[in-house]
Every structure is written in C-alpha cells, then in structure tokens.
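Chain naming here is simple, since letters A, B, ... match the order of the sequence lines and numbering starts at 1 in each.
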Amino acid sequence: MSYPFAEIEKKWQRRWEEAGVFRATAEPGAKKFYLLEMFPYPSGRIHMGHVRNYTIGDVLARYRMAQGCRLLHPMGFDAFGQPAENAAIKKGVDPAEWTMDCVRQMRVELKRLGISYDWDREVVTCQPDYYRWNQWIFLKMFEKGLAYRAKAPVNWCPSCQTTLANEEVVQEGCWRCHTPVEPKQLEQWFLKITAYSEELLEDLKQLADWPERVVTMQRNWIGRSEGVEIWFTVKETGERLPVFTTRPDTIFGATYVVVAPEHPLAEKLIRGRPEETKIRAFIQQAIRQSKQDRTAEGVKKEGVFTGGYAVNPVNGETIPIWVADYVLMEYGTGAIMAVPAHDQRDFLFAREHQLPIRVVIQPPQEKTQRGQTPEGQTPAGNSLNWKEAFEGEGAQINSAQFDGLPSVEGKSKIAAWMEEKEMGKRVVQWRLRDWLISRQRYWGTPIPMIYCGVCGVVPVPENQLPVTLPPKAPITGEGGSPLAKVKEFVDVPCPRCRKPARRETDTMATFFDSSWYCLRFCAPKETRLPFDPKETAYWMPVDQYIGGIEHAILHLLYSRFFTKFLRDQGLLKLDEPFSRLLTQGMVLKDGEVMSKSRGNVVDPDGVIARSGADALRMFILFAAPPEDQLEWNDNAIEGINRFLNKVWDLVENVAAVRPEPIEGRTDRESELRRLTHAAIKRVTDDLESFKLNTAISALMELRNAIEKNIAGGISPAAREAMEALLQLLSPFAPHFSEELWERLGQKQWLCRSRWPVYDANLLAQKEVTLIIQVNGKVRSRLTVPAGLSADELKKKVLADPAVTRWLDGKTPRDVIVVPNRLVNVVA
RNA sequence: GCCGAGGUGGCGGAACCGGCAGACGCGCAGGUCUCAAAAACCUGUGAGGGCAACCUCAUGAGAGUUCGAUUCUCUCCCUCGGCACCA
C-alpha cells in the first residue's frame, strides 16, 4: 500500500496558496534571499529539464526560508519567440492566444510540483505592461548612444528568415534550426555591449560563486588580446594601412601584407590594373562564400596579389599587398602583416604562393616548440627546410638593434620603440561584437523608432509607449518583417514634424526581454519605471540563480550588460545581477537528450500521476549531483517510493505510542540522538554545498537507523529523530513531510518551522572503532574508548595478535596514530 | 590547436583537509509469507583464491612523493563541453 500522495499533495498545495505562505514580503533590516530559476519559454508542457531546474531551486528556497530569510521566489514566462510564430505559420493560430494557452497549461503543471513560488509576481514578457519597459530601456540606450542603427555584415538565417546575434550562431549555424548562417550586409539595430567589454571582463572576478567553466566561457567570448597596431604605408598613395598583431617581436620578419576581401583598400588598389577583373572576381567570390566554407577544415588558403605595395615602418622595406580569404574583416583592422616564419597560416600561404620566409626568432637549441628543424640545425636567414612555422619563444635575429634579445623582451621593447617613433601604438583587441538585436519577425517587442523623411530616425516619445503589436498581422513565414505589411501600424506621423512617417517594423531579439526580468520580479506591478529602485535595492542581487549551461554566454552576458547600463543610469546600485550561479545538468534517457524526435521523452505528468510529485522531485535530486547529467531510470524511482512509504509507516508507529521514556537514558537512546544530530549536520552541510543527492542518502540512513533503533522500544529520542527527519525532508518532499508533521500532532505548519540546529555535544562517540594497519595495509580493527592517548593506543595495538602476526617478531620502526581513526604500525 | 570539466562495481553514484574504496539507491541471487504471483520483509552482492580464519588484486595507463594515494606531482590515453584561419 502506498501512501495517498494524490490527496495530500492537492491538500497542501491548496492550503499553502490560501494562506499565501510564499508571498514575498520585504522587511528592511531582515535577511533576504532572492532565489531565481531561469523562467521557461511557454511551449505548452513542462519537461524533465524544467522539473529538475525548479526542484533544485525549490529545495534551496525552502531551506533558506526555514532559516528565517525573507524569500523572493518568483516565476514567469519568457513568452516572445519563434515557436509561437511557427505555430501561426503552420496552423494559422494567433500567436498571442497560442502563447497564453501554453502559459495557462504550464502554470497548472508547475503548480502540481508544489514549488514555493509567489505567483502574485508572475511576469509574462509578451504582455504590453512588460514589453513597454523593453521599449523604455531601448530608448534610454538610444539616448545614450548605446542603441544605434548601422549597416554591417550580419549573420542571416535563411530558414528562419531573420538576422541573428553572434551569440546565437553555434558552429556557423543558427542556434534554433542549425541551418548554416549566411553573411549579409544589412542596416540593423545594435546595442553597444562593447562599451562595457572591459568591465564585463574585469567583473568576472567578482563572480567567485559562479561555476568556473561559465566564467571561462565568458572570458573567452569577450576575448581580450593585447597587441600593437602597426602603421604601414601604401606605397602608391601614401595612405596609412594599419595592421594588428600580437607579435610585434616578429615585425622584422614581415614579408608581405594581407587584407581581407572586404577591406576597402583592396578595391582601391586593383582599380585600373590590367588584372582588375580577375582579381575582383576572386574578391567577390570570397565574400560570397559562407564563413563555414571559408573556414572548413583542409580548405586551402586562397589569395591574389593586388599589385600594390606597403612600406614597413621599421625598416622602410617595400612588400607586396595581397588579398586573401584567411584574413577576417571583423577582427583587428582587417589587415595583417604576414610573418611566415613565425605564423603557421602565413607559412602555408607563403609556401603556396612562393613568398619569402624570413626567420627573425631563433628557436632555442634544445627544444623547439613548433617548427622542428631537421637534424636539430638552427636555420639563420633561410628556412627553406622548415616544415612548419616556429611560433614559440626564442632570440631575436635579423631584427636590427634588437638582435640577441629574448623574444619575450623583444615584444615589449619593440612595441615601446614603435610607439615612441610613431610607427604604431599598443592596442587592446576584443572578440566581443556589438549585439545585433533587430529581428525580421512578428512575435517580439516592436522597436520604438520612427523614420521620417525630414527628421530622420526619431525615437517614439516616452509618453506614447507602449508601441503595441497589432493583433492581426499576416504571418506567412515568407520572410520580411510581418509588421511591414500592417498599414495601420507602419503609417504614423513623425513625432517631431507631424509629417507622414513610418515605423520601424523589426522587433527585438527575445534575449532583450530576459536581460532584466529579474529586476521586474522585485516590483512586477510598477507603472512608472521598469522596476522600483527601492524594491530592487532590497531584493537584488539574485542570491542564487539556477539554469541550464546553454545560457552560459548569451543570456548571462546580456543580463550583466543590462545591469551595468541601468546602474549607470542611476537606477541600480549593483555591478552584477547574479551572486551565485548553479548550472544544472541535462536529463538524458538512454544516454541521449530527451526529445520528441528521438521518442524518448518521459512526461513528468505521468510520473506525478503514478508516484506523486514528491517522489518525482526526490528521484530527480537523488539520481545525480545537480551539476551533472542525469540519466533517467524508470525503475530507480521505486527506491524513493519505498523510502517514502517506509517513513510513512514509521511515523504512524511513533505517533501511536506515547513518547514516554520506557527505559530511561539508555545507550540505545543516546546513540539515536547522536545519529539524529549527525544527520542534521550532514543534510545542512550538503544543502550549503548543493550536494542534494547525498543529502537524500543521509535522510535514508537516518530512517534506517530510526527503524533499527525503535525495534527495542520507542523513546523520546525516537520522537526527536522522527521530527528532525521530517524537517530535514521538508525541502525535498514538502507535501509528504507537511502531512506527517500534522499527523505527529504539530500545530504549526512545517513550512513555517525553523530549520533544526544540531547539538555538537551530542555528536561525540563514546567508543570508536580504529583501523589497524601494518605497513599501510588494514590488518585489524580495534574498538576502544574515545580519546585514548597515543601511548595507550600503541600498547593496545602492539598487543593485538593480528598485528604481532604480521610483525613476525620484528620491532616496529614507527607507529603512526591518527586520533579516533587509525593506527599504522610500520615495520 | 587552445581553454574547461571528467574517467571509481552490472547501473546511478559515495568517500572530510592524504587514513576501512564502493555510503545511499537501482538491479541481481537466495530465503520468509502465499495455492501461486505481485507487494512487503530478511540475507548476500567489486574480481580472484581458500573448507575456513583469511589472503591477493582493484578507482583510465604508467611513474613519483608518502608510513599510507580515488585524493598530491609528472607523463600519457580516452570521453564530454566551449572557442577557433582572432593575426
């Protein structure tokens, strides 16, 4: 017989809701805890990934609340996005209706899990009272020059028919549909996240409680690299040609210059030359080629000589300017100095096109890192026998006055010298690009801008917000912004001159919505500002954020950027939005991600119907540490069911008997007290370090111990143990433990009781069993009173027949004693 | 290639700061109850050897430090994740 989970889960969900137990209330001066899980996209049904994410969050939330913190634990829906639009294309439904249906359905499913949300604070991003603040923030950014429109090469997904941010391009494909992205020159809206590059990188140091790999991923993504911009001169025109390098120590080895196909100089140099048409054809083709093709493995580096020459500022040498597809316009200056002896890409290209290779860094004799020379000989000026470039450190040669210096030193000395002689300057390059936010889609926040033939680009005045999405737009999926086809939306008088003008018809990327929702939760009904600065001052930062690793860059980087921007507007007083981050692992079935196409989806609802929400919650926490991948196992949940049923029976036994001491203070009783307090300590420690799987093991061990113990009679210690077990269990199986708490006769609800505190005095053991080793191998065990002196122990151990047997008559050289744990006799 | 995480029974996973490797659970085997089955309960369960007490081996591979290494150091192999003609 299994306990009546369906009934009690419903009962307690109702009671908690009616009493508003989880309604967040600020209390100045009181300790607060803001726990946030990444809000879901309302796809209609929750999946195991959601269950895992929100259960982990709930355990931590309930634990903090039991410790007396004021808890903010909100939930909402990240409701703009493509699935709704795709449903509109396929089934002709209204995206708004479709989305709100999904929201309703998911809300019901989420509530069934019994999570401690304050539903009064729910936020749905597709509603005007939310997205008007997207527009408000956008206008603030526009005002500060941080939102701007520019024609730039952008990523285009031909399948989704929209532009993508760099962060949304995964392995050269669209993050949603994996279609290879195409480069396009388009005029689009950007957010100047690069204005915060330095700070976004620097402040990663504040994020000591983020997983290291997330910090590393962000650091790599921001990609700071120090180098020198060197000013070459175009021989023919005298104009300056800046190139970027991180290896100024190799400047004397530059034997040609390469510009990217998109570089404006390329066109200038070839104009009027006999080979003009041929070269242009190459350039055009290189530009057209997708990045995927250009960077595919094994593809030869293609390039042509432009006919122009550049002058190297350090030695006045004239070297040819090539155009080649291995140089990218987006990085650095779009032009490089090629040093084939010390850069593998340049090396291959030089070999292919018979360009000179000049060695300027001499590899150390003993060890060459790259570019092993045959028979260990060190090449001087020539390097015809090299198989690859030498990219390591060595001594400067062929480098004028710098000859003989170690290249590490050469690097800084040459940079300083060039700066002094005005041949270049030290610069910092970033990999991070500005954030492209315009999307040619319907289901998103309209960008609040107006184009006027007279006034140009005019922002929608603040008092005219929100610019609402027109309800009926032709959503065909054929490409182009659907809003452009809605005349009533597009045609608008210019806010400045009143002449006819037209609205921007692109919408914002949905990552805009989620970049500040954590702030909105602090005051979700605020009408004058996106959030109430007083409320955010109390609740922010988020003390614990939980979500999937897939957002390690995108969402988390954008949120950090928004926080810094809003801080600079005087609306916030913090640098970082999320103090602690936990990235939970994925839920797998048969080693693969659960997905409809694989047909291996396990529906949480079905599991709840069969075993109850508490069992599902506990299983998903027990099966793996939160950060690891979790392999779903249909059988293993049985173990949790058995455990819960056994606890149920145990409570009935304990509750039935009056808690009077039946045999006074016995050893059996104090042993149970010791185990109880040890369990309190273990579970508390495990919760602090997110080891939720071992916390559950500890609960099981305590239950096993109670059962064994009360076989000899029920004592007050058994009751104490039982109560502690329920309290410790409450974050994991809240309905179940609440019900039993009530059945034990408790008047106050368990979710309102304080977290138990262990008594350190009770943890001490009277007797300890020591491990006895001879030469590091376990040979015996000895149970002795705790706290014996080392000498007494030695005496006892050396008298142990198991030890004398292994000593074989020899006198021990040494005896190592680890108090209360182990004795090692060394012969 | 660079950066990060990891490799422990049939499976998921434990092991504090270097101190009994395999907690807890799943599965499996045997047993109790039953006409029978399920459930429940009890016992066993890393491998090999031995009638047994016990012994030997074992945490990806190899070396090192140590009285003692899953844990620390070095070399190597493999898996996963991120970045990548970034100059």
Donor-acceptor contact present, side-chain [X] to main-chain [Y], <3.5 Å:
X: A:His555; Y: A:Phe511; result: no
X: A:Thr306; Y: A:Ile321; result: yes
X: A:Arg358; Y: A:Phe252; result: yes

Any chance the side chains of A:Arg224 and A:Gln429 put a donor and an acceptor closer than 3.5 Å?
->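 No, no side-chain donor-acceptor pair sits under 3.5 Å.
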Using a heavy-atom cut-off of 4.0 Å across all strands, would you classify [X] as base, sugar-phosphate, or nothing?
X: A:Pro625; value: sugar-phosphate
X: A:Arg781; value: base
X: A:Asn693; value: sugar-phosphate
X: A:Arg779; value: sugar-phosphate
X: A:Lys681; value: nothing
X: A:Gln429; value: nothing
X: A:Glu631; value: nothing
X: A:Asp346; value: nothing
X: A:Arg213; value: sugar-phosphate
X: A:Trp806; value: sugar-phosphate

Nearest listed nucleotide, side chain of [X], among [options]:
X: A:Val778; options: B:G12, B:C20, B:C41; value: B:C20
X: A:Arg821; options: B:C16, B:C26, B:C54; value: B:C16
X: A:Ile771; options: B:G25, B:C67, B:C20; value: B:C20
X: A:Asn635; options: B:A14, B:G27, B:G19; value: B:G27
X: A:Leu328; options: B:G27, B:A87, B:G25; value: B:A87

When the nearest nucleotide of RNA chain B is assigned to A:Ile640 and to A:Leu630 on a heavy-atom basis, which residue is associated with the more 5' position?
->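 Its nearest nucleotide being more 5', the pick is A:Leu630.
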On RNA chain B, nearest-nucleotide positions of A:Ser225 versus A:Met217: which is more 5'?
->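 It is A:Met217, whose closest nucleotide lies nearer the 5' terminus.
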Answer yes or no: does a side-chain N or O of [X] lie under 4.0 Å from OP1 or OP2 of [N]?
X: A:Arg431; N: B:A84; value: yes
X: A:Lys691; N: B:C16; value: no
X: A:Trp221; N: B:A84; value: no
X: A:Arg345; N: B:C86; value: yes
X: A:Arg642; N: B:A40; value: yes

What's the gap between [N] and [M] when it is taken at their [atom1] atoms, as a whole Å value?
N: B:U70; M: B:U56; atom1: P; result: 16 Å
N: B:C42; M: B:C33; atom1: C1'; result: 11 Å
N: B:G50; M: B:A38; atom1: C1'; result: 40 Å
N: B:C28; M: B:G9; atom1: C1'; result: 13 Å
N: B:G62; M: B:A14; atom1: C1'; result: 27 Å
N: B:G60; M: B:U79; atom1: P; result: 16 Å
N: B:C55; M: B:U43; atom1: C1'; result: 25 Å
N: B:C24; M: B:G30; atom1: C1'; result: 23 Å

A:Lys681 with A:Asp685: basic N within carboxylate O range, under 4.0 Å =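 Yes.
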Mark yes or no: A:Arg431 above the aromatic ring of A:Trp221, with NZ or CZ under 6.0 Å from the six-membered ring centre and no more than 45 degrees from the axis.
->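 Checked: cation-pi criterion met.
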Dump the intermediate steps for salt bridge (Lys or Arg N to Asp or Glu O under 4.0 Å) on A:Glu226 and A:Arg426, then the final yes or no.
-> CA-CA 8 Å; A:Glu226 282 179 19; A:Arg426 277 178 275 212; over 6 Å; no
Angle class for the A:Trp632/A:Phe619 ring planes (parallel below 30°, perpendicular above 60°, tilted otherwise)?
->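 Aromatic pair A:Trp632/A:Phe619 classed perpendicular.
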If the plane angle is over 60° it's perpendicular, under 30° parallel, otherwise tilted; pick one for A:Phe736 and A:Trp648.
->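 Tilted.
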Anti or syn - B:G9, cut at 90° from 0 =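 Syn conformation here, the glycosidic angle of B:G9 being no more than 90° from 0.
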Anti/syn call for B:C54, syn if |chi| within 90° =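 Anti, since the glycosidic angle lies more than 90° from 0.
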Starting from [atom2] on [N], measure out to [atom1] on [X] and report it in whole angstrom.
X: A:Ile696; N: B:A14; atom1: CD1; atom2: C1'; value: 14 Å
X: A:Asp325; N: B:C86; atom1: CG; atom2: P; value: 13 Å
X: A:Gln629; N: B:G81; atom1: CD; atom2: P; value: 8 Å
X: A:Leu782; N: B:C20; atom1: CG; atom2: P; value: 16 Å

May I ask you to verify whether the side chain of A:Asn220 and the base of B:C83 hold a donor-acceptor pair under 3.5 Å?
->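 Donor-acceptor pair under 3.5 Å: no.
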Could one point to a donor on the side chain of A:Gln344 or the base of B:G1 with an acceptor on the other under 3.5 Å away?
->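 When only heavy-atom distances are counted, A:Gln344 does not reach the base of B:G1 through any donor-acceptor pair under 3.5 Å.
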Sequence-distant partners of A:Ala721, side chain to side chain contact (heavy atoms under 4.5 Å, CB included), two or more places apart |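 Applying side chain to side chain contact (heavy atoms under 4.5 Å, CB included) to A:Ala721 gives A:Leu672, A:Thr676, A:Ile706.
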Treating a pair as Watson-Crick (purine N1 to pyrimidine N3 plus N6-O4 or O6-N4) or G-U wobble (N1-O2 and O6-N3) with both distances under 3.5 Å, list the stems of 3 or more consecutive pairs that involve RNA chain B.
->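 Expected stems, ordered by start: B:1-7 with B:77-83, B:10-12 with B:24-26, B:27-32 with B:40-45, B:46-49 with B:54-57, B:60-64 with B:72-76.
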Output, in order, the C-alpha distance, side-chain angles, deciding distance and verdict of side-chain contact (heavy atoms from CB on, under 4.5 Å) for A:Asn693 and A:Leu621.
-> CA-CA 6 Å; A:Asn693 54 331; A:Leu621 296 169; over 6 Å; no
